[in-house]
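Below: one structure, written as structure tokens.
Proteins come first, then strands; the chains are lettered A, B, ... in the order of their sequence lines, and each starts at number 1.
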Amino acid sequence: MIEQLVLDTLLNAVKELYKQDIPSKLAQVQKTRPEFEGDLTIVVFPLLRTSKKGPEQTADEIGNFMVSNLNEVTSFNIIKGFLNLSISSKYWVKFFNDNSKLSTFGKHPKKKLAPVVVEYSSPNTNKPLHLGHIRNNLIGWSIAEIIKNSGQEVAKVNLVNDRGIHICKSMLAWQKWGNDVTPKASNLKGDKLVGDYYVIFDKKNKEEIKALVETGMEEDEASTSTALMREAKEMLKRWEDNDTTIRELWSTMNQWVYNGFDSTYSRMGIDFDKVYYESSTYLLGKKLVDQGLELGVFFKKEDGSVWCDLSDDGLDEKLLLRADGTSVYMTQDLGTAQLRYDDYHPSKLIYVVGNEQNYHFDVLKLILKKIGKSWADNISHLNYGMVELPHGKMKSREGTVVDADDLMDEMYKTAKQTSEDLGKFDDLSIEEASSLYNVLSLGALKYFILKVDPKRTMTFNPAESIDFNGNTGPFIQYTHARIRSIVRKSKALNLVLDDSISHDYVFETKEKSILKILHDFPEITLQAATSLSPALVANYAYELAREYNQFYHEVMILKEIDSEKRNFRISLSEFTGKTIKYAMALLGIQVPERM
RNA sequence: GGUCCCGUAGCUCAGCUGGAUAGAGCAUCUGCCUUCUAAGCAGAGGGUCCCAGGUUCGAGUCCUGGCGGGAUCACCA
């Protein structure tokens with residue numbers, strides 16, 4: 001890496017010239033801004049204290065040192081306190097010749113480390129997937145790919161919350177008002193059907209609460225003492241007691257939901273290496289709670305409920321088991337964490353879960369440590385921000401929840417419409433066209449979500465459809481298609497005779513700037529892995545595509561007369577196309593050969 | 001109220017460990033399809049980087065204090 005080379009030489013320069021070692025943070029190397037001449041820039045201000053000379057003179061001395069000690073540095077210029085270095089075209093030529101034909105450019109060698117477990121999606125079986133889940137799934141899937149690309153082994157896992165009071169609510173409502181309806185009979189996706197009964201429960205329960213309040217009961221009390229709630233709790237108890245009828249109904253309805261989820265996942269291109277179900281981890285969780293009691297780090301209240309006191313850590317008491325012995329969220333998460341640890345002994349356990357659960361994960365780690373699990377330190381919570389609408393959160397009560405399937409349908413229609421308006425695909429078969437619209441619509445949706453820093457709360461406006469122009473997935477896809485067209489034509493014309501360029505090739509400005517961006521790619525993918533941010537890759541792909549389009553408009557490629565230039569430009573195009581494709585693949589976005 | 005996150009153009013977002021004149025896209029306006037794909041390119045306008053202090057040669061970036069927004073502090077998950 002040239003940056004590192006310059007940095008090391010800079011440290012040597014200071015040592016030689018001023019007889020002092022300096023802390024590495026004073027040695028600052030950055031890319032030269034395009035308006036100045038040069039490739040890399042050393043900021044000399046931090047060095048003045050050491051050199052005890054003015055900025056110009058210091059820069060001049062270091063510049064001379066660079067030129068005579070580093071072959072790659074051919075010349076320099078000084079503007080204010082900035083020392084701009086020009087890197088030899090030999091270096092860029094070598095970079096190009098070494099990498100342009102690699103199929104794995106950007107991929108890092110395998111490390112010998114325990115795997116990283118990435119959990120994402122984690123749906124409840126009482127609600128269909130919505131836009132929030134889409135963000136979760138896309139971030140999780142992509143970050144898993146990015147970490148894999150960085151050389152780490154990765155296990156993608158899903159944790160389905162298939163048990164608990166909420167599932168019982170759907171089941172109860174279905175029993176009471178469902179008339180034995182099935183997804184097949186109603187022609188509804190299973191997750192939608194079950195979700196509907198969850199809503200029905202809520203509605204009927206509210207009516208009951210209202211009635212109770214009218215008899216003079218306090219709202220708080222009323223909300224926990226409706227007949228429906230009692231029945232749901234009773235059902236949960238029977239479920240935990242392995243009641244056959246309840247278990248059968250539960251399996252049936254969950255299976256409906258899974259079928260629905262699977263179709264949504266597969267459409268989105270989301271997959272998992274392993275799926276955990278809370279129904280099979282909560283018992284282990286209960287066992288851990290018992291252990292905690294024996295260790296004396298948990299305590300039991302008079303009503304039989306079990307708690308962990310975290311007041312020494314600045315937090316509250318946390319419930320671990322209800323008085324009736326049934327488990328809560330934390331119980332099952334303890335069990336799941338343990339099970340994963342046993343399965344993988346991971347070097348890192350990443351939970352992709354919304355930032356509304358930050359508190360939960362702080363507590364989870366603390367509790368695990370209290371019962372002696374030192375590996376709790378390997379848990380990291382990738383807490384992404386919520387997706388909001390222009391007027392705030394999505395609310396199911398107000399019907400503003402953006403359903404995942406509906407949104408993908410919308411996007412598909414827009415992609416189809418846009419494409420038909422452009423009228424470029426009249427020769428495609430119906431299947432080919434539809435597969436293209438799929439690629440484009442998903443590209444638009446995924447890029448829209450992933451280009452935003454995961455940490456940030458993001459806004460989605462359902463009134464404006466997601467764009468297909470500008471800083472979008474389709475723009476990048478288009479650039480790829482454009483490149484492929486060039487490459488196809490060059491092959492048809494047998495234009496590329498020689499793949500590599502000579503070491504004294506003189507670059508056009510745009511050729512150089514594309515080369516520099518390509519040069520950054522491996523580093524960007526590493527940064528994305530360490531900072532857990534697919535957004536870095538997304539923004540990178542956009543920058544590369546934008547730069548390429550400018551290049552495309554500025555210079556001739558196939559029509560260039562000078563054969564070396566023409567060959568280089570074609571190869572550079574191909575290299576760019578490949579890198580765009582690779583970067584987009586890390587985001588789970590396909591790129592078409594033509595569009 | 002406690003804890004945490006956020007505040008950059010009309011809107012949606014970039015801005016790496018502090019560095020040169022704060023960048024894109026959308027929207028608005030103006031050009032460019034008889035030349036390799038116009039889902040493109042070029043150009044114009046649009047900014048108190050929430051406010052006030054501080055650290056520094058240098059602050060959108062770091063610190064403190066405000067203001068504004070959000071999350072969370074459930075026998076929901």
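Base orientation at B/C11 is anti, since its O4'-C1' glycosidic dihedral falls outside 90° of 0.
Side-chain N/O atoms of A/Q357 include none lying less than 4.0 angstrom from OP1 or OP2 on B/U72. Between A/K80 and B/U21 there is a side-chain polar atom (N or O) within less than 4.0 angstrom of OP1 or OP2. At the phosphate of B/A20, OP1 or OP2 sits under 4.0 Å from a side-chain N or O atom of A/R33. The phosphate of B/A39 has OP1 or OP2 within less than 4.0 Å of a side-chain N or O from A/K424. Side-chain nitrogen and oxygen atoms of A/K169 include none within less than 4.0 Å of the OP1 or OP2 phosphate oxygen of B/C76. Taking 4.0 angstrom as the limit, A/Y359 places none of its side-chain polar atoms (N or O) nearer than this to OP1 or OP2 of B/U72. At the phosphate of B/C26, neither OP1 nor OP2 sits under 4.0 Å from any side-chain N or O atom of A/N469. Taking only side-chain nitrogens and oxygens, A/R49 comes nearer than 4.0 Å to OP1 or OP2 of B/C57. The phosphate of B/A39 (OP1 or OP2) has no side-chain N or O of A/T418 nearer than 4.0 angstrom. When the side-chain nitrogen and oxygen atoms of A/R482 are compared with OP1 and OP2 of B/A38, one or more of them lie within a distance under 4.0 Å. Residue A/R456 places at least one side-chain N or O under 4.0 Å from the OP1 or OP2 atom of B/A14.
For A/I466 and B/C26, the CD1 to P distance is 15 Å, given to the nearest whole Å. Atom CD of A/E356 and atom P of B/C6 are 17 Å apart (whole Å). Atom CG of A/D316 is separated from atom C1' of B/G1 by 13 Å (rounded to the nearest Å). Protein atom NZ of A/K25 is 15 Å distant from nucleotide atom P of B/C62, rounded to whole Å. One can place CD1 of A/I570 at 15 Å from P of B/C36, the figure rounded to the nearest angstrom. For A/F551 and B/C36, the CZ to P distance is 15 Å, given to the nearest whole Å. Nucleotide B/C75 holds its C1' atom 14 Å from the NZ atom of A/K237, rounded to whole Å. Regarding A/Y329, its OH atom lies at a distance of 13 Å from the C1' atom of B/U72, rounded to whole Å.
When heavy atoms are screened at a 4.0 angstrom cut-off, A/F448 is found touching no nucleic acid atom at all. Within 4.0 Å (heavy atoms only), A/V363 reaches no atom of the nucleic acid at all. Within 4.0 Å (heavy atoms only), A/N84 reaches at least one base atom of the nucleic acid. Residue contacts shown for A/Y548 are absent, as no nucleic acid heavy atom lies under 4.0 Å away. At a threshold of 4.0 angstrom between heavy atoms, the contacts of A/T326 with the nucleic acid are absent. At the heavy-atom level, A/L321 lies nowhere under 4.0 Å from the strands shown. Nucleic acid contact for A/F468: base, since at least one base atom lies under 4.0 Å from a heavy atom of the residue. Residue A/T472 is classed as having no contact, given no heavy-atom separation below 4.0 Å to the nucleic acid. At the heavy-atom level, A/A481 lies under 4.0 Å from base atoms of the strands shown. Among the heavy atoms of the strands lying under 4.0 Å from A/K393 are primed sugar atoms or P, OP1, OP2 only; no base atom is included. Residue contacts shown for A/E35 are absent, as no nucleic acid heavy atom lies under 4.0 Å away. Within 4.0 Å (heavy atoms only), A/R594 reaches at least one base atom of the nucleic acid. Residue contacts for A/D303: at a heavy-atom cut-off of 4.0 Å it reaches a base atom on one of the strands shown. A/M458 comes within contact range of the sugar-phosphate backbone alone, with a heavy-atom separation under 4.0 Å but no base atom that close.
Here, B/U61 and B/U48 have their P atoms 16 Å apart, quoted to the whole Å. Distance check on atom C1': B/C41 versus B/C5 gives 40 Å, rounded to whole Å. Using atom C1' as the reference point in both B/A27 and B/A9, the two lie 12 Å apart (nearest Å). If you take atom C1' in B/A38 and the same atom in B/A59, they sit 42 Å apart, rounded to whole Å. B/G60 and B/U21: their C1' atoms are spaced 15 Å apart (whole Å). Here the separation of B/C62 from B/U56, taken at their C1' atoms, is 10 Å to the nearest Å.
Ring to ring, A/Y329 and A/H360 are close: their centroids are under 6.0 angstrom apart.
Here A/Y542 does not pack flat against the base of B/A24, since the 5.5 angstrom centre distance and 30 degree tilt limits are not both met. Taking a centre distance below 5.5 Å and an interplanar angle below 30 degrees as the stacking criterion, A/F82 stacks against the six-membered base ring of B/A20.
Pair assignment for B/A71: B/U3, on the basis of Watson-Crick or G-U wobble contacts that are both within less than 3.5 Å.
No hydrogens or angles were tested; on distance alone, nothing pairs the side chain of A/D362 with the base of B/C4 as donor and acceptor under 3.5 Å. With hydrogens and angles ignored, a donor-acceptor pair under 3.5 angstrom links the side chain of A/T41 to the base of B/A20.
Annotation: of the two residues near RNA chain B, A/H553 and A/F460, the 5′-most nearest-nucleotide partner is A/F460. Each of A/T32 and A/F475 was assigned the nucleotide of RNA chain B with the nearest heavy atom; the assignment lying further toward the 5' end belongs to A/T32.
No donor-acceptor pair closer than 3.5 Å links the side chain of A/N549 to the backbone N or O of A/T479. Panel note: side chain A/R456, backbone A/G385; no donor-acceptor pair is recorded below 3.5 Å.
For the residue pair A/S121 / A/N137, a side-chain donor-acceptor distance below 3.5 Å is found, with atom types taken as modelled. Counting only N and O atoms by type, the side chains of A/N126 and A/S170 include no donor and acceptor under 3.5 Å apart.
Between A/R566 and A/D562 there is no salt bridge, since no side-chain N of the basic residue sits under 4.0 Å from a carboxylate O of the acidic one. A/K318 has no carboxylate O lying under 4.0 Å from a charged side-chain N of A/D362, or vice versa, which leaves the two without a salt bridge. A salt bridge does not link A/R322 with A/E240: every distance from a Lys NZ or Arg NE/NH1/NH2 to an Asp or Glu carboxylate oxygen is 4.0 Å or more.
Remark: A/K300 fails to qualify as a cation-pi partner of A/W307 under the 6.0 Å distance and 45° angle criteria applied to the six-membered ring. The cationic atom of A/R163 (NZ for Lys, CZ for Arg) does not lie both less than 6.0 Å from the six-membered ring centre of A/Y277 and within 45° of the ring axis.
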